[in-house]
Amino acid sequence: MINDYIFILKAVCHTLTQTSSHQVLICRNYKGDVDMSEIDHFFTLLMQQEEEGLLCPVMSHGNVHFLWIKHSNLYLVATTNKNSNASLVYSFLYKLVEVFTEYFKELEEESIQDNFVVVYELLDELMDFGFPQTTDSKILQEYITQQGNKLEVAKTKVPTTVTNAVSWRSEGIRYKKNEVFIDVIESINVLVNANGSVMSSDIVGSIKLKTMLSGMPELRLGLNDRMLFALTGRDKGKTVTMEDVKFHQCVRLSRFESDRTISFIPPDGESELMSYRINTHVKPLIWIESVIEKFSHSRVEIMVKAKGQFKKQSVANNVEIRVPVPSDADSPKFKTSTGHAKYVPEKNLVVWSIKSFPGGKELLMRAHFCLPSVENHETEGRPPITVKFEIPYFTVSGIQVTVHVFPFTVPLFTLTAPCLMF
């Protein structure tokens with residue numbers, strides 16, 4: 001058992017009194033061990049921690065514990081008076097967000113209010129007596145629809161996917177053309193100090209499928225995994241060492257643990273097959289240099305130079321360079337070699353947006369701000385410059401994927417990661 005109550009709340013700001021309160025949009029009592037009025041203490045604790053600048057994901061009042069996440073303008077809160085598995089509770093809360101988003105496209109106050117009957121039905125199916133049950137949105141959509149006013153006797157029985165051994169795939173699926181699409185998406189996280197040395201770096205990746213196959217096909221996926229190559233005695237070629245591997249429930253884990261073969265009957269449509277992490281040294285793909293010049297504490301000029309350190313045939317898309325500026329800066333002026341820059345005063349940032357950044361290119365941005373002469377900016381901290389971008393058809397880890405589909409005579413093919421995000 002992981003929790004007793006699930007609440008979905010929204011924050012309410014009172015303009016006249018400059019105070020905040022909360023409103024419960026919907027709640028579900030699974031056991032009755034926790035009084036519903038306990039939720040009133042959650043927002044009080046939340047406001048206290050926000051004022052102190054020490055927000056904690058778990059808060060307690062007496063023997064009642066509140067585990068919460070925030071999505072858009074909503075708070076999803078689970079309550080329990082037991083020593084529950086916190087990681088399981090948070091996995092369930094994020095799964096709630098995923099399922100509601102699948103149903104309503106956007107999880108906001110309006111979508112909850114307009115679909116409260118469907119939300120209650122989903123809460124009943126997702127959890128029973130405090131234990132998670134059916135959490136696959138594709139299965140839930142087979143018997144919980146947004147057309148609640150239509151009742152057909154033929155649809156009152158439970159779908160076979162709920163009780164079937166292969167619960168993630170329905171029987172009798174037929175396609176005129178059998179196809180499989182695989183996307184390997186990798187994100188890299190790199191922290192560089194002021195001297196240009198890489199302090200930490202890692203790669204977080206996922207393999208996503210879109211299957212349009214008839215019947216109950218079996219797929220086998222092969223990776224250039226170092227451990228697999230060692231088991232089979234193959235030492236040639238580039239290999240990767242994957243850590244924190246997480247699979248979809250369709251993967252036969254016993255097979256993977258014995259010979260590192262990823263064998264599974266795939267869900268129909270889109271799904272995430274697996275995720276992984278790779279600890280390796282990664283050089284920054286977009287190198288940033290910045291120079292800050294101050295003039296008698298009355299104005300400051302910031303020069304930022306960005307250089308693409310990846311192959312010329314590749315292009316980084318949706319590049320966003322965030323440059324921190326003093327908190328009292330005003331009268332911004334910008335000059336960029338490409339893209340556009342804007343000042344975000346509420347976050348004390350200059351955001352330089354570049355739609356397309358070819359490899360090997362060097363781009364420049366200059367920013368000019370006025371400063372109050374009485375302010376001493378030497379005491380202010382200097383947050384790092386952050387860079388976000390996407391590079392299609394590019395991979396840092398060098399992971400390669402091979403797939404074989406049974407019983408179809410689909411030829412073996414190899415894929416490399418088609419998208420990288422920083």
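Computed from a predicted model, the values in this text were never measured in an experiment.
Contact between M212 and Y175 at its shortest, heavy atoms only, is C-CD1, 3.4 Å. Nearest approach of M365 to A341, heavy atoms of both residues: CG-CB, 4.4 Å. When all heavy atoms of V97 and L76 are compared, the closest pair comes out as CG2-CD2, 3.9 Å. Considering every non-hydrogen atom in both I265 and C250, the closest pair reads O-CB, 3.3 Å. Shortest non-hydrogen contact noted between T211 and D268 is O-OD1, 3.4 Å. E108 and N73 make their closest contact through CA-OD1, 4.2 Å (heavy atoms, listed as atom of the first residue, atom of the second, distance).
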Salt bridge (Lys or Arg N to Asp or Glu O under 4.0 Å) assessment of E218 paired with R252:
CA-CA 11 Å; E218 179 177 330; R252 298 183 179 93; 3.7 Å; yes

Can you check side-chain contact (heavy atoms from CB on, under 4.5 Å) on L93 and V77, steps first, answer last?
CA-CA 8 Å; L93 291 177; V77 186; over 6 Å; no

F116 vs L25, side-chain contact (heavy atoms from CB on, under 4.5 Å): CA-CA, chis, key distance, verdict:
CA-CA 9 Å; F116 71 94; L25 297 178; over 6 Å; no

Hey, mind stepping through L273 and L219 against side-chain contact (heavy atoms from CB on, under 4.5 Å) and telling me if it holds?
CA-CA 11 Å; L273 180 67; L219 273 66; over 6 Å; no

Full working for side-chain contact (heavy atoms from CB on, under 4.5 Å) between K208 and I185:
CA-CA 8 Å; K208 297 188 177 184; I185 300 176; 4.2 Å; yes

Take F256 and F247 through the ring pair (Phe, Tyr, Trp, His ring centres under 6.0 Å) test and state the conclusion after the steps.
CA-CA 10 Å; F256 179 77; F247 290 108; 4.7 Å; yes

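Taking 4.0 Å as the cut-off between side-chain N and carboxylate O, K305 and E289 count as a salt-bridged pair.
When the shell of 6.0 Å around OH of Y94 is examined, it contains 12 or fewer heavy atoms from other residues, nucleotides or ligands.
When side chains are defined from C-beta on, M59 counts as touching Q49, because their heavy atoms get closer than 4.5 Å. In this structure the side chain of I302 never reaches within 4.5 angstrom of the side chain of V350, judged on heavy atoms. Side-chain contact between H281 and V198 is present, with heavy atoms from C-beta onward closer than 4.5 Å. In this structure, L55 and L46 have side chains that are in contact, with non-hydrogen atoms separated by less than 4.5 Å. Within the 4.5 Å cutoff, side-chain heavy atoms of R322 are placed close to those of K347. Looking at T338 and I354, their side chains come closer than 4.5 Å, going by heavy atoms from C-beta outward. Annotation: side chain of V192 is in contact with side chain of W287 (closest heavy-atom distance under 4.5 Å). Contact annotation: the side chain of Y276 never approaches that of K246 to less than 4.5 Å [non-hydrogen atoms, C-beta and beyond].
Considering CD of E320 and NZ of K355, their distance stands at 15.0 Å, rounded to 0.5 Å. To the nearest 0.5 Å, atom CG of residue L74 and atom CD1 of residue I69 are 10.0 Å apart. With values rounded to the nearest 0.5 angstrom, E125 atom CD is found 6.5 Å from T134 atom OG1. With values rounded to the nearest 0.5 angstrom, K342 atom NZ is found 10.5 Å from F334 atom CZ. In this structure, CD1 on I207 lies 14.0 Å from NE2 on H248, to the nearest 0.5 angstrom. Going from atom CD1 of I6 over to atom CZ of R28 covers 10.5 Å, rounded to the nearest 0.5 Å.
Side-chain contact of Y30 with D124: a donor-acceptor pair under 3.5 Å is absent, judged by distance alone. Between the side chains of Y103 and E98, no donor N or O sits under 3.5 Å from an acceptor N or O. E186 and S397 share a donor-acceptor pair across their side chains, judged by distance under 3.5 Å alone.
Of the options N189, D244, D202, a side chain to side chain donor-acceptor pair (under 3.5 Å) to R277 is made by D244 and by none of the others.
When atom types are taken as modelled, the side chain of T80 and the backbone of K82 share a donor-acceptor pair closer than 3.5 angstrom. A donor-acceptor pair is defined here as one N or O able to donate and one able to accept, closer than 3.5 Å; no such pair exists between the side chain of Y90 and the backbone of L67. Side-chain atoms of N193 come within 3.5 Å of backbone atoms of N195 as a donor-acceptor pair (strictly under, hydrogens ignored). Judged by distance alone, with hydrogens and angles left aside, the side-chain atoms of W352 form no donor-acceptor pair with the main-chain N or O of T336 at under 3.5 Å. At distances below 3.5 Å, at least one donor-acceptor pair connects side-chain atoms of S111 with backbone N or O atoms of E106. In this structure a side-chain-to-backbone donor-acceptor pair under 3.5 Å is present from N178 to S214. Under a 3.5 Å cut-off, the side chain of Q309 and the backbone N or O of P284 do form a donor-acceptor pair. In terms of modelled atom types and a separation under 3.5 Å, the side chain of S187 and the main chain of I203 share no donor-acceptor contact. One N or O on the side chain of S201 and one on the backbone of T280 form a donor-acceptor pair closer than 3.5 Å. Although no hydrogens or angles enter the test, the distance criterion places a donor-acceptor pair under 3.5 Å between the side chain of R169 and the main chain of P266.
Ring planes of F104 and F100: parallel class, angle under 30° (limits at 30 and 60°). Aromatic ring orientation, F42 versus W68: perpendicular (interplanar angle above 60°, classes split at 30° and 60°).
Under the ring-ring contact (aromatic ring centres under 6.0 Å, His included) criterion, Y343 pairs with F369, sequence neighbours left out.
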